Amino acid sequence: MKDEQLAVKLSELKAEYQTAKNEFKSKALEEKEIAKQEYQEKLVASKEAFNKKLAELNEKLALASDEDKENIKLDIANEKYYQKHRIEEIKNDYKAKKQALKDEKNEIFMNYYRSVQKSTDNHVGIDVKLQRMLNDYQYQFNLKDFFLTNGLYIIIIAFIILACILAPIMGKGNLLTMNNVLTILEQSSTRIFFALGVGGLILLGGTDLSIGRLVGLGAVITCIILHPGENIIKIFGMSSNFDAIPMAVRVLLALGLSILFCVAFSALAGYFTAKLNMHPFVTTLATQLIIFGFTCYATGTTSSGTIEGGIKNALAGRLGGPQGFPILIIYAVLCIAIVWFIWNKTRFGKNMYAVGGNKEAAAVSGINVFKITLLVFVFAGVLYGIGSFLEGLRLGTAVATTGTGYELDAIAACVVGGISFSGGIGKIKGAVIGVLLFTAITYILTILGLDTNIQFILKGVIIMAAVALDSVKYLKKK
């Protein structure tokens with residue numbers, strides 16, 4: 001009986017809401033039309049008055065003596081300045097009237113929602129909750145802000161869709177096969193480690209130019225240790241053979257050394273950045289050169305031998321054979337989950353955002369800026385080390401130049417994903433989306449047979465557009 005009464009009550013509330021909504025709709029259409037007409041009339045009247053005043057001043061200017069001309073020119077400049085502000089006031093008045101109608105519409109729904117909450121003792125049904133979500137989205141939606149935030153994504157996705165349509169016409173086959181999708185995700189998997197690593201540094205208002213060289217170092221270490229028999233690379237002129245060590249230990253050794261070296265060099269850059277307030281561009285440029293020189297000197301720029309096929313397939317192959325599910329995707333998902341937790345649910349993550357947003361304010365509030373900055377570099381080094389190890393497994397062989405350009409792809413992915421160089425702004429999903437989009441573009445353009453140099457041009461345009469949009473958003477926020 002109680003349930004029946006509740007159902008009747010909810011039905012009545014819904015009917016009342018629909019009536020109020022319909023009444024508002026007809027009233028809003030009328031008021032919008034009136035507001036629009038008033039806006040246009042005020043705009044025309046203001047422009048006519050301005051043009052009339054300007055014509056009078058120009059006439060005076062033509063007849064004035066040299067002594068009076070400067071004053072009249074100043075009057076003209078002032079009139080133009082005030083006209084600009086009058087137009088702005090008229091526009092703001094029109095926007096305020098439209099916003100008032102939007103507020104009223106939202107309040108009608110919220111009254112209904114609060115009534116349902118009260119009637120159900122706060123146990124609102126899923127249908128009403130979905131209505132609330134839709135209403136909130138419509139209420140907060142702004143077309144200009146939407147395109148400012150997502151415009152680049154829309155363009156890139158439109159390009160990918162166009163490429164998928166053109167590929168069969170050009171005789172390149174169907175791009176939307178499951179194997180192609182999995183390959184893009186597989187290639188993105190290691191890049192996600194690098195993007196999330198540098199993403200933390202960008203949140204601090206910095207960057208990292210050493211990623212590519214760290215990838216080369218970590219991948220070479222991995223391939224040397226996991227190569228069966230004596231490796232063709234001589235480390236500092238000495239031969240290496242790790243066959244006597246059990247494979248499980250060799251895997252852990254390769255992973256551990258890759259992380260150790262990446263953390264050491266990343267921490268070195270972090271120390272000088274945090275202690276001496278040097279810009280990360282300079283410190284990571286310096287470590288980039290040190291790492292590359294060290295790797296080339298240690299290995300003689302020789303390509304490593306290949307990783308043993310069995311261990312490569314077991315750790316970085318595909319489940320169920322060549323067409324199966326890539327194991328690397330599992331590592332990437334785990335990485336995203338862990339980094340998301342650290343960025344969003346730990347004190348370290350919150351302090352990182354605080355330091356990136358305003359270093360001086362963070363210091364005043366008791367945050368150890370030196371410690372946080374250094375830890376962000378160390379954490380980035382851990383991600384680089386794991387990513388380099390996995391990249392070595394994926395490629396199967398490596399040389400000192402392996403990873404060239406990876407730093408630019410990682411930085412670009414973060415920028416495209418909305419992690420701002422102004423500091424303190426950005427989310428993990430942005431970096432992940434950026435990696436996926438960039439990898440998809442590169443893969444698609446390669447399949448379509450587009451010249452590599454054209455790919456560089458396209459990436460440059462995308463990066464420039466992303467930074468430009470970020471600057472516009474930053475200036476608008478200020």
Side-chain angles (χ1 to χ4, degrees), residues 193-215 217-218 256-294 335 338-388 406-407 410-411 414-415 417-428 430-431 470 474 477-478:
F193 285 85
F194 311 134
L196 293 181
V198 75
L201 301 182
I202 295 174
L203 279 174
L204 294 182
T207 188
D208 195 337
L209 301 181
S210 67
I211 298 171
R213 299 313 179 194
L214 288 171
V215 172
L217 176 60
L257 286 177
S258 179
I259 293 173
L260 179 65
F261 275 96
C262 288
V263 167
F265 283 113
S266 189
L268 178 66
Y271 177 81
F272 284 101
T273 299
K275 189 70 176 176
L276 302 179
N277 204 27
M278 294 171 65
H279 198 282
F281 183 94
V282 177
T283 57
T284 58
L285 176 62
T287 52
Q288 177 199 62
L289 297 172
I290 295 168
I291 295 160
F292 188 58
F294 172 77
C335 172
I338 292 168
V339 175
W340 179 88
F341 179 81
I342 291 170
W343 280 21
N344 295 284
K345 299 297 179 181
T346 65
R347 180 179 293 178
F348 165 69
K350 290 177 173 60
N351 289 345
M352 178 179 70
Y353 275 98
V355 172
N358 190 320
K359 192 184 293 185
E360 289 75 19
V364 170
S365 65
I367 296 172
N368 189 328
V369 175
F370 170 81
K371 180 181 176 182
I372 293 298
T373 303
L374 186 59
L375 283 176
V376 171
F377 273 89
V378 169
F379 184 53
V382 173
L383 293 175
Y384 300 155
I386 299 170
S388 302
Y406 278 35
E407 65 278 1
I411 294 166
C414 290
V415 173
I419 298 180
S420 175
F421 270 104
S422 59
I425 301 169
K427 296 180 180 179
I428 283 175
D470 179 58
Y474 178 68
K477 185 179 179 183
K478 283 189 76 178

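Just so it is clear, the model here is predicted, and its values are computed rather than measured. What you see below is based on every heavy atom in this structure, not just the backbone, and it leaves out hydrogens, waters and symmetry mates.
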Spacing of CD1 belonging to Ile386 relative to CD1 belonging to Ile338, to within rounding of 0.5 Å: 7.5 Å

Inter-residue atom distance Ile411.CD1 - Asp208.CG, 0.5 Å rounding: 7.0 Å

Worked verdict on Leu217 versus Ser388 for side chain to side chain contact (heavy atoms under 4.5 Å, CB included): CA-CA 8 Å; Leu217 176 60; Ser388 302; over 6 Å; no

Contacts of type side-chain contact (heavy atoms from CB on, under 4.5 Å), residue Glu407, not counting sequence neighbours: Ile211, Gln288

Atom NZ of Lys350 with >12 non-hydrogen neighbours under 6.0 angstrom: yes

Separation between NZ of Lys427 and CG of Asn344, rounded to the nearest 0.5 Å: 8.5 Å

For Leu374 against Ala274, the heavy-atom pair lying closest together: N-CB, 4.4 Å

Parallel, tilted or perpendicular: rings of Tyr384 and Phe194 (30°, 60°): tilted

Considering all heavy atoms, the nearest Val378-Ala267 contact: CG2-CB, 4.0 Å

Gly426 backbone acceptor or donor facing Tyr353 side chain under 3.5 Å: yes

Nearest-0.5 Å distance that lies between atom CG in Leu214 and atom CZ in Phe292: 13.0 Å

Heavy atoms from other residues, nucleotides or ligands near CZ of Phe348 exceed 12 (cutoff 6.0 Å): yes

Close side-chain approach of Ile291 and Ser210, heavy atoms under 4.5 Å: yes

Ala362 versus Ser365, closest heavy-atom pair with distance: O-OG, 2.7 Å

Ser266 (side chain) donor-acceptor with Val263 (main chain) under 3.5 angstrom: no

Residues, nucleotides or ligands: over 12 heavy atoms within 6.0 Å of Phe272 CZ: no

Atom pair CE/CZ of Met352 and Phe379 - distance to nearest 0.5 Å: 8.0 Å

Minimum-distance pair of heavy atoms, taken over all atoms of Leu196 and Ile428: CD2-CG2, 3.9 Å

Aromatic ring pairing Tyr271/Phe370, orientation class (parallel under 30°, perpendicular over 60°, tilted between): perpendicular

Distance, nearest 0.5 Å, that separates CZ of Phe377 from OG1 of Thr273: 4.0 Å

For the student: nearest non-hydrogen atoms of Ile367 and Ala354, plus distance: CD1-CB, 3.7 Å

Closest non-hydrogen atom pair between Leu209 and Thr284, with its separation: N-OG1, 3.1 Å

